Amino acid sequence: MNSSKNIYEKELLVKSTTDNLALIREFTRNSAADCGFSDETIGKIILAVDEACTNIIKHAYKYSPEGNIFLAVKFEERKFFISITDEGKHFDPANVPEPDLVQYYKQKRAGGLGMFLIKKLMDEVNYSTLSGNKNQVVLVKYLS
Amino acid sequence: MNSSKNIYEKELLVKSTTDNLALIREFTRNSAADCGFSDETIGKIILAVDEACTNIIKHAYKYSPEGNIFLAVKFEERKFFISITDEGKHFDPANVPEPDLVQYYKQKRAGGLGMFLIKKLMDEVNYSTLSGNKNQVVLVKYLS
Amino acid sequence: MADFNVNLRGVGSVSVIDVKGYLDAHTAPELENVFNKLLDDRQFKVVVNFDELKYISSAGLGVFMAYVETMRENSGDIKFSNMKENVYNIFDLLGFPILYEFFKDEKEALQKFDSLG
Amino acid sequence: MADFNVNLRGVGSVSVIDVKGYLDAHTAPELENVFNKLLDDRQFKVVVNFDELKYISSAGLGVFMAYVETMRENSGDIKFSNMKENVYNIFDLLGFPILYEFFKDEKEALQKFDSLG
Ligand SMILES: Nc1ncnc2c1ncn2[C@@H]1O[C@H](COP(=O)(O)OP(=O)(O)O)[C@@H](O)[C@H]1O
Ligand SMILES: Nc1ncnc2c1ncn2[C@@H]1O[C@H](COP(=O)(O)OP(=O)(O)O)[C@@H](O)[C@H]1O
């Protein structure tokens, strides 16, 4: 942490294409590393952010490359917050069932693992709807 | 280029610390690569952006880590624009003399090379002052 | 940036897929292409060697889920080898060890196919 | 992220500095530390081996400008070797070849010191 106010801020705006995932991961790595997380925890945060952004590209924007994905990071009271905002299709995370790997196997389904991973990897996951048809998910990790 | 409107937009906001230079370079690499520049030209754009941001950290913010550096990229009519905005000390680039390496050598001066490089590496370099005490430099590279 | 490479080798009757770099939603289609080619060629015995894989997201995991049953229905399988700990942990978190066999070395994975004929 | 490494070796009476990775305003102070140590130890003959250097900005170039004259005033020098083309091009753009000697191999640079005694 470089900031004497102990509030850390970084933002990234990219279009909704999968070739931006690598940059999104670098942005996340750099932000989390600055806050003093271990490499193992940084890896978890990176994966959660990748999954959340992949879902936005796939589901909220249905692979249209025109959409915006906006990431903003802050670090406050030893909590790392990363908010991810899109202007795509709304969705209600409560309607998404927990995946059952054995069922998936039987149905040859390949998906449904992303949201499960996000919840497993982070300490808090909060989905919300903002004005202006925006969707936001805030992922939180505690620095122990 | 993924955008059908042929307008490419990406933004990055970071604090004014040198440990963000690597992320700034990745952001620049990713943006320029998407526009179809060769590796050699991408390398030039990256170095110019690094030099401009280093100057902001060093001179505009005098190494205070609290400052904001905001980068925004667009690609229009085969021109790649990257604007870099800060809220630090103003400066008049017209007052900066061209460096003379032999003079520098004699005076044991180590600096003065950054702005020269930026001008050499880019097709256009435009410094301006924005409202709200903001300084902006826009670097432009043509896709040939 | 998202460096990913996939290479296909034949070792006896087994197809070995070497994956390298970062396997995410952007690069997973390259791996799918290789699995599609294997199905075209009716090659169902597969070992995926993860030695040089640095990163995997669920988009990569999904590729294995999408093809494994077809391989098994044709007396084949997808087996995993040489996985780094950070990559294995993701498979583990999702319960993959119930459904897949993991081997430290490629050789062991190949032998497992051989011993079944 | 900004991976940079610097290593100091003695080869006869010459100090060889191996630089690796990305040399920018963030990492240049590490290289300065090595030059300061050399001055403390009164070691003025220096070869910088750039074999594994991937990137340099003016902050890195400035380090050499800051120390070279002191080395020369003490019958030493800073010579460069094993530079990749993309890195050399930056030195070239700034006119460094007028002021510094560049060698393809570390050996040639070392010999140049030897031949001067
Ligand atoms: N950001 C999002 N916007 C819209 N729908 C989403 C979003 N994230 C997840 N979903 C919905 O939740 C489901 C489960 O997501 P996930 O667990 O990531 O699996 P997958 O993406 O592989 O289907 C998706 O199939 C989709 O219907
Ligand atoms: N963004 C900036 N804000 C304020 N001053 C600047 C900025 N960029 C350059 N300068 C001024 O221009 C001079 C020349 O810059 P440069 O060529 O990069 O060399 P150096 O930074 O090594 O002195 C600097 O010493 C500084 O006074």
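A, B, ... follow the sequence lines: proteins, then strands. Residue 1 opens every chain. Keep in mind that what you see is a predicted model, and the values were worked out from it rather than measured.
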- Mind ranking Asp39(B), Leu21(B), Thr54(B), Asp50(B) by heavy-atom pairs under 4.5 Å with chain D and telling me who comes out on top?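 Of the candidates given, the most pairs with chain D belong to Asp50(B).
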- Message: I need the residue from Ile46(B), Ile57(B), Leu117(B) with the largest number of non-hydrogen atom pairs under 4.5 Å to chain D.
- Response: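 Heavy-atom pairs under 4.5 Å are most numerous for Leu117(B).
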- Item | Which atom of Phe116(B) lies closest to which atom of Leu94(D), heavy atoms considered |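 That closest heavy-atom pairing would be CD2-CD2, 3.2 Å.
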- Message: Does Asn7(D) have more than 12 heavy atoms from other residues, nucleotides or ligands lying within 6.0 Å of its CG?
- Response: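 Enclosed.
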- Message: Tell me whether Lys107(D) at atom NZ has more than 12 heavy atoms from other residues, nucleotides or ligands lying less than 6.0 Å away.
- Response: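 Check fails, neighbour count at 12 or below.
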- Message: Let me confirm one number: the CD1-NZ distance from Ile90(D) to Lys120(B), rounded to the nearest 0.5 Å.
- Response: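 Nearest 0.5 Å value for the CD1-NZ distance: 11.5 Å.
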- Say you draw a straight line from OH of Tyr22(D) to CZ of Arg25(B); how long is it, rounded to the nearest 0.5 Å?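 The distance works out to 7.5 Å.
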- Message: Taking Ser57(D)'s backbone N and O only, do any of them form a donor-acceptor pair with Glu51(B)'s side chain (distance below 3.5 Å, no angle check)?
- Response: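 No, Glu51(B) side chain to Ser57(D) backbone: no donor-acceptor pair under 3.5 Å.
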- Query: Considering only heavy atoms, which portion of Leu121(B) lies under 4.5 Å from any heavy atom of chain D: side chain, backbone, both, or neither?
  - Reply: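 For Leu121(B), side-chain heavy atoms alone lie under 4.5 Å from chain D.
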- Message: Contact between Thr18(B) and Asp24(D) at the side-chain level, heavy atoms closer than 4.5 Å - yes or no?
- Response: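 Side-chain contact under 4.5 Å: no.
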- Task: Could you tell me which portion of Phe64(D) (side chain, backbone, both or neither) has an atom closer than 4.5 angstrom to a non-hydrogen atom of chain B?
- Result: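 Neither; nothing under 4.5 Å.
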